[in-house]
Protein chains: 2
Amino acid sequence: MRNTKQKSLILNIVNNSYDHLTAEEIYEIARHTLPNISLGTVYRVLNGLVDDKKIKRIKMSDGDHFDNLNELHNHFICEKCHKIIDVMDSIKFDYKIGNNKIVDYEINFIGICEDCLKKEEN
Amino acid sequence: MRNTKQKSLILNIVNNSYDHLTAEEIYEIARHTLPNISLGTVYRVLNGLVDDKKIKRIKMSDGDHFDNLNELHNHFICEKCHKIIDVMDSIKFDYKIGNNKIVDYEINFIGICEDCLKKEEN
DNA sequence: GCCCTTAATAGTAATGATTACTAATAACAG
DNA sequence: CTGTTATTAGTAATCATTACTATTAAGGGC
């Protein structure tokens with residue numbers, strides 16, 4: 001777990017953006033600072049940051065997007081254009097968030113299941 | 001929007017399973033009934049059923065899984081083995097669901113954003 | 001500051017889920 | 001039954017992501 005300039009650059013890019021960037025977009029931004037950085041490195045570092053819970057992965061039809069953990073928030077995702085909008089406020093259930101119409105919502109609980117907990121005991 | 005035996009078979013498979021099947025798994029099951037069905041058809045039909053809100057897509061690292069809408073429920077996803085467990089009960093926030101340890105949860109609101117609503121008015 | 005070990009990277013090839021394409025097929029309206 | 005055309009089977013192509021490997025560079029010890 002060495003500190004490399006690639007790692008800190010990529011973490012900075014995600015932490016300083018509110019655009020839910022893809023790996024490719026992060027790669028393009030990173031090249032301004034490190035012209036020789038490779039796309040494979042971006043993917044590998046992003047996976048590590050997600051594993052370490054430094055950033056979050058948002059799975060989308062056009063590939064994964066990555067989000068910082070600066071402020072606790074959820075997401076509004078447009079069914080049509082797939083835009084991701086941060087939802088900072090507490091949940092108001094009038095089927096609207098701002099002027100965006102809510103059609104559905106999904107809650108996923110992430111954790112360690114019974115079977116995997118047992119395996120960790122060994 | 002014609003009714004084909006491929007469409008009704010695939011919808012039946014998803015509606016009668018509690019295993020959150022992938023397209024490939026649905027394809028293998030469908031071949032028992034229609035040996036010549038093609039994988040492309042399974043993907044196309046599944047996309048249509050999701051668009052028509054007859055079934056739900058669950059995005060996972062190993063590809064999309066598909067879920068029926070028989071009973072309203074959320075999902076518990078194991079970080080280790082990526083198992084998907086249905087959560088039928090109301091949310092109990094003791095960081096456990098059954099014997100599964102909750103590490104995190106994510107809420108996504110799906111809908112039509114302000115911009116797309118404006119476009120629909122035209 | 002200088003080695004040395006080895007984790008991490010750059011560059012490229014491979015993978016695999018999903019989509020695109022096209023000729024053939026089959027709903028279903030008249 | 002017939003004609004139209006949406007849908008399908010089969011296959012090729014796409015593209016996000018991962019795997020592989022020789023090379024580079026953290027960073028601990030001296």
Side-chain angles (χ1 to χ4, degrees), chain A residues 1-14 17 19-52 54-67 77 79-84, chain B residues 1-14 17 19-52 54-67 77 79-84:
Chain A
M1 4 257 98
R2 289 175 185 170
N3 272 338
T4 65
K5 43 190 189 312
Q6 291 86 348
K7 275 183 195 169
S8 57
L9 174 61
I10 289 168
L11 181 56
N12 273 332
I13 290 169
V14 176
S17 166
D19 285 338
H20 312 96
L21 303 168
T22 62
E24 194 84 39
E25 289 166 341
I26 291 163
Y27 171 61
E28 289 304 332
I29 296 168
R31 289 174 76 182
H32 299 155
T33 307
L34 297 175
N36 288 331
I37 195 170
S38 87
L39 185 54
T41 297
V42 174
Y43 273 103
R44 188 169 21 72
V45 169
L46 285 170
N47 286 341
L49 291 171
V50 169
D51 289 346
D52 296 347
K54 301 268 179 61
I55 63 174
K56 257 204 170 184
R57 184 192 306 274
I58 307 170
K59 296 198 79 63
M60 299 285 287
S61 48
D62 67 335
D64 293 358
H65 293 238
F66 296 89
D67 197 9
I77 298 167
E79 284 192 323
K80 303 266 180 187
C81 67
H82 305 110
K83 187 188 289 133
I84 305 172
Chain B
M1 5 259 101
R2 287 172 184 171
N3 272 339
T4 64
K5 42 190 189 314
Q6 289 87 345
K7 276 182 195 169
S8 57
L9 173 60
I10 289 168
L11 182 57
N12 273 331
I13 289 170
V14 176
S17 167
D19 287 336
H20 314 95
L21 303 168
T22 62
E24 195 83 36
E25 289 166 341
I26 291 163
Y27 171 61
E28 289 304 332
I29 296 169
R31 289 173 76 181
H32 298 156
T33 306
L34 297 174
N36 289 332
I37 195 169
S38 86
L39 185 54
T41 298
V42 173
Y43 274 103
R44 189 169 19 72
V45 169
L46 285 170
N47 285 342
L49 291 171
V50 170
D51 288 346
D52 296 347
K54 302 265 179 62
I55 64 174
K56 256 203 169 184
R57 183 191 307 273
I58 307 171
K59 297 199 79 62
M60 298 285 287
S61 48
D62 68 335
D64 293 358
H65 293 238
F66 296 89
D67 196 10
I77 298 167
E79 283 191 323
K80 303 266 180 186
C81 69
H82 305 110
K83 187 188 290 131
I84 305 171

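So you know, we letter chains A, B, ... as the sequences are listed, proteins then strands, and number each from 1.
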Enquirer: Rounded to the Å, how far apart are B:I10 CD1 and D:dT8 P?
Expert: 8 Å
Enquirer: Check whether any side-chain N or O of A:N47 sits under 4.0 Å from OP1 or OP2 of D:dT18, and answer yes or no.
Expert: yes
Enquirer: Does B:Y43 have a side-chain nitrogen or oxygen under 4.0 Å from the phosphate oxygens OP1 or OP2 of C:dT19?
Expert: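 Answer no for this pair, as no side-chain N or O of B:Y43 is under 4.0 Å from OP1 or OP2.
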Enquirer: Name the closest nucleotide to the B:L39 side chain, picking from C:dT18, C:dA10, D:dT7.
Expert: C:dT18
Enquirer: For the pair made of CE in A:M60 and P in C:dT18, what is the distance, rounded to whole Å?
Expert: 16 Å
Enquirer: Please confirm whether the shortest side-chain N or O distance from B:T4 to OP1 or OP2 of D:dA6 is below 4.0 Å.
Expert: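 Answer no for this pair, as no side-chain N or O of B:T4 is under 4.0 Å from OP1 or OP2.
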Enquirer: Ignoring hydrogens and geometry beyond distance, is the side chain of A:R2 in donor-acceptor contact with the base of C:dT6 at under 3.5 Å?
Expert: yes
Enquirer: CG/B:L46 to CD1/B:I26 distance, rounded to the nearest 0.5 angstrom?
Expert: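 If we round to the nearest 0.5 Å, B:L46:CG and B:I26:CD1 are 4.5 Å apart.
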Enquirer: Closest approach of B:K7 and B:R2, non-hydrogen atoms and distance?
Expert: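 Here B:K7 and B:R2 meet closest at NZ-O, 2.8 Å.
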Enquirer: In terms of side-chain heavy atoms of A:I37, which of D:dG10, C:dA8, C:dA10 is nearest?
Expert: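 Within the option list, the nearest is C:dA10.
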Enquirer: Under 4.0 Å between a side-chain N/O of A:T41 and OP1 or OP2 of C:dA10, yes or no?
Expert: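 Yes.
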Enquirer: Tell me whether the OP1 or OP2 atom of D:dA26 has a side-chain N or O from A:K5 closer than 4.0 Å.
Expert: yes
Enquirer: Looking at A:Q6, does any N or O in its side chain come under 4.0 Å of the phosphate oxygens OP1/OP2 on D:dA25?
Expert: no
Enquirer: How many whole angstroms separate atom NZ of A:K7 from atom P of C:dA10?
Expert: 12 Å
